[in-house]
**Student:** 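One structure, pasted below without further comment.
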Amino acid sequence: MPGSGKASPESWSGEAKFAVVLETAGMNASEVGEYCRSKGLYPEQVARWKQACVAGVGTGEQTGSESLKHARKQIRQLEKDLRRKEKALAESAALLILQKKFNALWEDAE
């Protein structure tokens with residue numbers, strides 16, 4: 001739990017670290033120092049976490065774009081497979097109907 005003193009601040013979840021960055025975003029240096037003392041943190045940790053948040057935003061956009069391209073490519077492939085399977089199913093259904101008609105005609109001829 002953040003600020004409880006039981007767990008090391010470096011073992012806090014990403015959400016907890018992000019919350020600290022948000023809470024300290026509008027503070028000046030002395031306010032950040034006071035906040036850090038109350039939570040058992042060092043201002044340098046908060047600064048590192050803030051840098052990590054900023055760096056994460058930049059890479060997230062690129063990764064999001066790449067994953068979007070990958071998802072679109074996968075959708076196109078799945079749609080292609082679906083069309084192929086629908087054609088095969090339609091062909092199988094047509095063959096089954098023709099076979100039934102043939103058997104019906106064959107039985108009538110006997």
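The first residue of the sequence shown is numbered 1, and numbering continues consecutively from there.
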**Student:** With a 4.5 Å limit on heavy-atom distance, are the side chains of Trp49 and Thr24 in contact?
**Tutor:**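 Not touching, per the 4.5 Å side-chain cut-off.
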**Student:** Taking the side chain as C-beta and beyond, is there a heavy-atom pair between Glu66 and His70 under 4.5 Å?
**Tutor:**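 No. Closest side-chain heavy atoms not under 4.5 Å.
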**Student:** For residues 25-32, dump all side-chain donor-acceptor pairs below 3.5 Å to protein atoms at least two apart in sequence or in another chain.
**Tutor:**
residue: Asn28; atom: OD1; partner: Ser30; partner atom: N; Å: 3.2
residue: Asn28; atom: OD1; partner: Ser30; partner atom: OG; Å: 2.9
residue: Asn28; atom: OD1; partner: Glu31; partner atom: N; Å: 2.9
residue: Glu31; atom: OE1; partner: Asn28; partner atom: N; Å: 3.0

**Student:** What distance do Lys39 atom NZ and Glu23 atom CD have between them, rounded to the nearest 0.5 Å?
**Tutor:**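 The CD atom of Glu23 is 5.5 Å from NZ of Lys39, to the nearest 0.5 Å.
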**Student:** Within a strict 4.5 Å, meaning less than it, do heavy atoms of the Lys69 and Lys73 side chains meet?
**Tutor:**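 No, side chains not in contact.
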**Student:** Are Tyr35 and Trp12 grouped together when hydrophobic residues (ILVMFWY) are joined by side-chain heavy atoms under 4.5 angstrom apart?
**Tutor:**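 Yes; tracing contacts between hydrophobic side chains, which count when under 4.5 Å, links both residues.
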**Student:** Taking the side chain as everything from C-beta on, heavy atoms only, tell me whether Val46 gets closer than 4.5 Å to Lys50.
**Tutor:**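 They are not in contact (no side-chain heavy atoms under 4.5 Å apart), so the answer is no.
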**Student:** If you round to the nearest 0.5 Å, how far is OG of Ser8 from CG of Leu41?
**Tutor:**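 Those atoms lie 9.5 Å apart.
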**Student:** What pair of heavy atoms forms the shortest contact from Pro43 to Gly33, and how long is it?
**Tutor:**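 For Pro43 and Gly33, the tightest heavy-atom pair comes out as CG-CA, 4.5 Å.
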**Student:** Could you pull out the closest heavy-atom pair between Pro9 and Gly40, with the gap in Å?
**Tutor:**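 Of all heavy-atom pairs spanning Pro9 and Gly40, the closest is CG-O, 3.7 Å.
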**Student:** Going from CD on Gln74 to OG on Ser67, what distance comes out if it is rounded to the nearest 0.5 angstrom?
**Tutor:**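 Rounded to the nearest 0.5 Å, the CD-OG separation comes to 11.5 Å.
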**Student:** Under the rule for salt bridge (charged side-chain N to carboxylate O under 4.0 Å, His left out), what residues qualify as partners of Arg48, not counting sequence neighbours?
**Tutor:**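 Glu10.
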**Student:** Say you draw a straight line from NZ of Lys101 to CD of Gln99; how long is it, rounded to the nearest 0.5 Å?
**Tutor:**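 Here the rounded value is 13.5 Å.
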**Student:** Nearest 0.5 angstrom please: Leu82 CG to Ile75 CD1, how far?
**Tutor:**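 Those atoms lie 12.5 Å apart.
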**Student:** Do Glu107 and Asn103 get their side chains close enough for a donor-acceptor pair, meaning under 3.5 Å?
**Tutor:**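 No, no side-chain donor-acceptor pair sits under 3.5 Å.
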**Student:** Is there side-chain contact between Asp81 and Arg84, with at least one heavy-atom pair below 4.5 Å?
**Tutor:**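 They are in contact (side-chain heavy atoms under 4.5 Å apart), so the answer is yes.
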